[in-house]
Amino acid sequence: MSTRTSSEGASPIGYSPPVDDETPDEEGAFPRLTDDQVAKLEVGGSRRPVHAGEVLIREGAPDNDFVVVLSGKIAVVDEGDADGERRILRVHGPGRFLGELGLLEGQVAFFTAEAIEDGEILVVPAEQVRELIAHDPVLSDLILRAYLVRRHLLIGLGSGFRIIGSCFSPDTLRLREFAMRNRLPHK
């Protein structure tokens with residue numbers, strides 16, 4: 001089984017890219033939290049160590065925790081189809097947070113997040129994050145904007161579920177309309 005980055009050749013999970021290979025934040029999808037913002041989140045969360053190879057979020061499983069990288073690196077991985085092909089989509093370092101819009105909406109995860117370096121994370125239950133962003137407009141804007149841009153990027157990468165059916169079928173059309181109306185990444 002190999003792993004391919006979305007823009008480069010094969011790269012196995014467990015490969016630890018240098019600090020400079022962290023995914024750049026060109027569109028506001030991967031902002032860094034300030035120390036004050038991390039402190040606010042820490043009130044409702046807990047710190048814990050992570051080890052290289054540890055899966056923090058599993059594609060297709062419920063995603064109930066907001067995760068902030070405090071140290072180390074986390075890779076966001078597309079598990080691929082049945083052929084076993086995995087791609088590293090993003091790499092996040094200290095100050096960045098994981099997840100996307102589905103976390104706030106109670107959906108399953110559209111990707112896998114795996115530690116590629118030992119480090120420490122802050123884990124905050126989604127309910128605590130929803131409560132906090134309801135009362136902190138600056139943090140709310142930062143998280144919601146990042147999650148909306150991430151959703152757009154996921155759709156552009158072709159992540160999400162597949163709707164299989166004839167383009168002439170009314171049932172297929174209803175499924176596509178449902179996915180679009182609910183902003184679900186799909187193909």
S.K.: State whether the number of non-hydrogen atoms from other residues, nucleotides or ligands found under 6.0 Å of Asp35 atom CG is greater than 12.
M.R.: no
S.K.: When rounded to the nearest 0.5 angstrom, what is the spacing between CD1 in Ile57 and CG in Asp65?
M.R.: 8.5 Å
S.K.: Report yes if the side chains of Glu114 and Leu56 come closer than 4.5 Å at any heavy-atom pair, otherwise no.
M.R.: no
S.K.: Could you check if a side-chain atom of Phe30 sits within less than 4.5 angstrom of a side-chain atom of Pro24, using non-hydrogen atoms only?
M.R.: no
S.K.: Could you go through Phe110 and Glu100, starting from their C-alpha distance and side-chain angles, then the distance that decides it, and tell me whether this counts as side-chain contact (heavy atoms from CB on, under 4.5 Å)?
M.R.: CA-CA 8 Å; Phe110 289 112; Glu100 62 99 34; 3.0 Å; yes
S.K.: Any side-chain heavy atom of Val91 sitting closer than 4.5 Å to one from Ile116?
M.R.: yes
S.K.: From Phe97 CZ over to Leu41 CG, what is the distance, rounded to the nearest 0.5 angstrom?
M.R.: 9.0 Å
S.K.: What closest approach, in Å, do Ala109 and Asp63 show between heavy atoms, and which atom pair accounts for it?
M.R.: CB-CB, 4.0 Å
S.K.: Shortest non-hydrogen contact from Ile143 to Val129?
M.R.: CD1-CG1, 4.4 Å
S.K.: Determine yes or no for a side-chain-to-main-chain donor-acceptor pair under 3.5 angstrom, with Arg32 supplying the side chain and Pro94 the backbone.
M.R.: yes
S.K.: Do Val77 and Val55 sit in one hydrophobic cluster, given that two such residues count as connected whenever their side-chain heavy atoms are within less than 4.5 Å of each other, even indirectly?
M.R.: no
S.K.: List the steps and the verdict of side-chain contact (heavy atoms from CB on, under 4.5 Å) for Phe66 and Val68.
M.R.: CA-CA 7 Å; Phe66 182 84; Val68 179; 3.5 Å; yes
S.K.: Could you check whether any side-chain N or O of Asp118 sits under 3.5 Å from a backbone N or O of Ala52, counting only pairs where one atom can act as donor and the other as acceptor?
M.R.: yes
S.K.: Between Pro125 and Asn64, is there a side-chain heavy-atom distance shorter than 4.5 Å?
M.R.: no
S.K.: Can you tell me how far CZ of Arg145 sits from CD of Glu27, rounded to the nearest 0.5 angstrom?
M.R.: 8.5 Å
S.K.: Between His135 and Glu131, is there a donor-acceptor pair closer than 3.5 Å when you use the side chain of the first and the backbone of the second?
M.R.: yes
S.K.: Counting distance only, does the side-chain N/O of Thr112 pair as donor-acceptor with the main-chain N or O of Arg58 below 3.5 Å?
M.R.: no
S.K.: Salt bridge between Lys73 and Glu117, side-chain N to carboxylate O under 4.0 Å?
M.R.: yes
S.K.: From Thr23 OG1 over to His92 NE2, what is the distance, rounded to the nearest 0.5 angstrom?
M.R.: 6.0 Å
S.K.: Got Arg96 and Leu33 here, is their nearest side-chain heavy-atom distance under 4.5 Å?
M.R.: no
S.K.: Please name the pair of heavy atoms, one in Leu98 and one in Arg150, separated by the smallest distance, quoted to 0.1 Å.
M.R.: C-NH1, 3.5 Å
S.K.: To the nearest 0.5 Å, what is the distance between CD1 (Ile88) and CZ (Phe111)?
M.R.: 14.0 Å
S.K.: Under 4.5 Å between any side-chain heavy atoms of Pro49 and Glu120, yes or no?
M.R.: no
S.K.: With a 3.5 Å distance limit and no angle check, can you tell me whether Gln37 reaches the backbone of Thr34 through a side-chain donor-acceptor pair?
M.R.: yes
S.K.: Are any non-hydrogen side-chain atoms of Lys40 and Val38 less than 4.5 angstrom apart?
M.R.: no
S.K.: Rounded at 0.5 Å granularity, tell me how far CD1 in Ile74 sits from CD1 in Ile121.
M.R.: 6.5 Å
S.K.: May I ask you to decide whether Glu54 forms a salt bridge with Arg48, counting only side-chain N to carboxylate O separations under 4.0 Å?
M.R.: yes
S.K.: Using a 4.5 Å cut-off on heavy atoms from C-beta on, say whether the side chain of Val67 contacts that of Val124.
M.R.: no
S.K.: Please name the pair of heavy atoms, one in Leu153 and one in Ala29, separated by the smallest distance, quoted to 0.1 Å.
M.R.: CD1-CB, 3.8 Å
